[in-house]
2 protein chains.
Amino acid sequence: MLDERKASILRAVVEEYIQTAQPVGSGHVADAPGVSVSSATVRNEMAALEADGFLAQPHTSAGRIPTEKGYRYFVDALAEPSLDRFAAQQVRAFFDHAHAGIEQMLADTTRLLTGLTNHAAVVVGPTHDAAVVRSVQLVSLAPRVALFVAVLGNGSVEKRTIELDHDADDLLLADVAAHISLALVGNPLEAALAGIGTSGRSEIDAVTSLVLDEIVTTVDGGEQVFVHGSSRMAEAFDAVETVRSVLTILEQQLVVVALLRDVVDRGLNVAIGTETGMQPLADCALVVAPYTVDGEQVGTVGVLGPTRMNYPQALAAVAVVGQRLGHRLSEG
Amino acid sequence: MLDERKASILRAVVEEYIQTAQPVGSGHVADAPGVSVSSATVRNEMAALEADGFLAQPHTSAGRIPTEKGYRYFVDALAEPSLDRFAAQQVRAFFDHAHAGIEQMLADTTRLLTGLTNHAAVVVGPTHDAAVVRSVQLVSLAPRVALFVAVLGNGSVEKRTIELDHDADDLLLADVAAHISLALVGNPLEAALAGIGTSGRSEIDAVTSLVLDEIVTTVDGGEQVFVHGSSRMAEAFDAVETVRSVLTILEQQLVVVALLRDVVDRGLNVAIGTETGMQPLADCALVVAPYTVDGEQVGTVGVLGPTRMNYPQALAAVAVVGQRLGHRLSEG
DNA sequence: AGTTGGCAGTCGGTAGGATCGAGTGCCAAT
DNA sequence: ATTGGCACTCGATCCTACCGACTGCCAACT
């Protein structure tokens, strides 16, 4: 799409702008390695790149900064994911190290990602619909309150409080649990929706149906989101108002999940500025990688930073962390 | 400590400064209700208040702003916690409404508090050492990995992965669980440390001791922290650097827990500026309230904002939320 | 004696103006 | 086609003047 020379000039602009956050002028570009023409030629090419929408000028006598389209081209055609040695070492250490449980591990993964990229990190936990149920239990908390606890094969534990119509003793609850176990254990949670028959005892069936209602709400919308490093947003922007609006987004877990899902569903691994579809993120870029457990996409890791972020670094970090995380979770 | 007139002048300064964030001059104070002397008199009194360390002048020809000592006096002697009708309504609605589980409820509580005060909110979850164990289970995840799951009386579920030395089949795990249950169910978790005897079967005792090791790490340091509304920090300060350093604190859960605990242990309900003991929080104030379950302090709710925050509002919000939360959790 | 209006003085914040310099577009020369 | 040169633009910076919101102090007043 762009000839060799234009491409190298665009690359130079993006790389310098990412470092300095200042509009970059023809002189600097001409000095950059990979560009071996004079600044005058660069000026001509930059004017062309601006006409084509890859660069923009904040004002007449200033250097150029990349547009979204410019970043997009950079990411698609010019950025080589690369992880420096030290970062690779961090990742290795992280995944060699044991973690207390799946939630803890996912939370720690966000910390790893912020450490690697110096940006806010997001991890969406594995969906539950595919995970196999290992154990089902009903525990009485109060006369008419019980807790439904399901242990999944990946080590996560789902629980819901159940409000009962009538008093239920431990014996009845145990019977119900046994009945549900029959259909559930060894199968994914969603199997419960179809696979549970009647027991022949109406008390059991009554409680069972209450439990089933709760399982429905658990199966969909059960994703957990972990966010960390939002403080880095305050390093990325110097307009406090921008920081505030971005942080507000990051605080809304449902929005974050929807955002990530949307980006992944569009087949992107990077969403730049308005590509995120969220107005407050106009100055942000989101780099994501789905991770797979047993060959199935179950979650996403991502990094959110300013559009002028280090894409090669972020792409590499997100890719390798996603991959290793998937492996680790596949082991069980 | 302060005579009537000085007190009302200090109050006027604090209240106006909280609203406007501007140094307040003698003229405005003289206009304030509760002050019925001329601005000249106010000037004299303000000079005295400054000499005594309650007020400070950013520069010679500016109004006064409260010092930490000034805020402290305001909080101790002048602030009447007050919750407006709408806020009270919000609280009522919140606690009338059902919540999916204890974690969800605590997380939602932080949302409630930010909603009420427009500041960042923190909730430290109930400690586990007092909670009674309702059920104990061991679930096999992989040949040598098991998950220890304990359901507590307050509806929370504690779990730890256990790495086993040898393969253990479901039967053995069930036996171990039964053995542990014997000592634990009906007692607080910490009872496990003392109360478990030998079973007479060495395989069981071996696994049991592994489980006990994990219980130790669960009992202490098991507090969960929920933080929400850090975006509001970006509204409170206009120096992006301040925002960053405060957010960094809020991201470190251990630090936050220690901070809250420290403040509560000192018997304070408000920590102002350097009273927090954390340099980056020099411009912040922390308002906390412990909450009790069955008469025992088990956790803390709190609000973190700029030193120039609405203390009456924050004090009232934190107090009532803490109280209602305690009640709610006591019901089970 | 305490309180008050008046007044000179201080000093940050804002507006206008000059200057500086990085960067551009264009053109003629190579 | 590329390049060095040049006139031009325009934000950033600095200076100055000015305004206004204060204060501290003092003399007058109750």
Side-chain angles (χ1 to χ4, degrees), chain A residues 2-10 12-67 70 238-240 308, chain B residues 2-10 12-67 70 238-240 308:
Chain A
L2 289 184
D3 62 64
E4 187 81 22
R5 195 166 68 184
K6 280 200 177 61
S8 63
I9 287 173
L10 176 59
V13 172
V14 171
E15 285 176 349
E16 174 141 355
Y17 185 66
I18 282 171
Q19 276 203 354
T20 65
Q22 300 294 329
V24 357
S26 55
H28 291 156
V29 174
D31 289 347
V35 178
S36 47
V37 289
S38 75
S39 67
T41 308
V42 172
R43 278 200 288 281
N44 291 330
E45 294 290 46
M46 286 190 4
L49 282 168
E50 180 170 3
D52 289 347
F54 293 97
L55 296 178
Q57 244 179 330
H59 55 266
T60 316
S61 72
R64 305 301 210 290
I65 62 178
T67 60
D238 41 67
V240 80
R308 46 174 219 79
Chain B
L2 290 183
D3 63 64
E4 187 80 21
R5 194 167 69 184
K6 281 201 177 61
S8 63
I9 287 174
L10 177 59
V13 171
V14 171
E15 285 175 350
E16 173 141 355
Y17 184 65
I18 282 171
Q19 276 203 355
T20 65
Q22 299 295 328
V24 357
S26 55
H28 290 156
V29 174
D31 289 347
V35 177
S36 47
V37 290
S38 76
S39 68
T41 308
V42 172
R43 278 200 288 283
N44 291 329
E45 295 289 48
M46 288 195 354
L49 283 168
E50 180 170 4
D52 289 346
F54 292 97
L55 296 178
Q57 243 179 330
H59 55 266
T60 316
S61 73
R64 305 300 210 294
I65 62 177
T67 60
D238 40 62
V240 81
R308 46 172 220 82

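A note on names: the letters A, B, ... follow the listed sequences, proteins ahead of strands, and every chain is numbered from 1. The analysis underlying the following values was restricted to heavy atoms, covering all of them including side chains, and did not include hydrogens, waters or symmetry mates.
Going from atom CG of Asp31(A) over to atom C1' of dG23(C) covers 14 Å, rounded to whole Å. Note: CE (Met46(A)) to C1' (dT3(D)) measures 16 Å, nearest angstrom. Following rounding to the nearest Å, Arg43(A) (CZ) and dC8(D) (P) show an atom-to-atom distance of 16 Å. Spacing between atom CD1 of Ile65(B) and atom P of dT23(D) amounts to 13 Å, rounded to whole angstrom units. One atom, CD of Glu4(A), and another, P of dA1(D), lie 18 Å apart when rounded to the nearest Å. Distance NE2 (His28(A)) to C1' (dG23(C)): 10 Å, rounded to an integer number of Å. In this entry the distance linking CG of Leu55(A) with P of dG23(C) reads 14 Å, nearest Å. Distance, Asn44(A) CG to dG25(C) P: 8 Å, rounded to whole Å.
Within the 4.0 angstrom heavy-atom criterion, only backbone atoms of the sugar-phosphate kind lie near Thr60(A); the bases stay farther away.
OP1 or OP2 of dT24(C) has at least one side-chain nitrogen or oxygen of Arg64(A) nearer than 4.0 Å.
If you take OG on Ser38(A) and CZ on Arg43(A), they are separated by 7.5 Å, rounding to the nearest 0.5 Å. Taken from CD1 in Ile9(B) to CG in Leu2(B), the straight-line distance is 10.0 Å, to the nearest 0.5 Å.
A donor-acceptor contact under 3.5 angstrom links the side-chain atoms of Ser61(B) to the base of dC11(C). Counting distance only, with no hydrogens placed and no angle test, the side-chain atoms of Ser38(B) and the base atoms of dT4(C) include no donor-acceptor pair under 3.5 Å.
Looking at Thr67(B), its side chain does come within 3.5 Å of a backbone N or O of Gly53(B) through a donor-acceptor pair. Checked by atom type and distance alone, the side chain of Asp3(B) pairs as donor or acceptor with a backbone atom of Arg5(B) at under 3.5 Å.
Considering only side-chain atoms of Ala47(A), the nucleotide from dT24(C), dG25(C), dT3(D) that sits closest is dG25(C). Of the candidate nucleotides dT2(D), dT10(C), dG5(C), dG5(C) has the atom nearest to the side chain of Ala40(B).
Ranked by how close their nearest DNA chain C nucleotide is to the 5' end, His59(B) and Glu45(B) are led by Glu45(B).
Residue-environment remark: CG (Asp31(B)) exceeds the threshold of 12 foreign heavy atoms within 6.0 Å.
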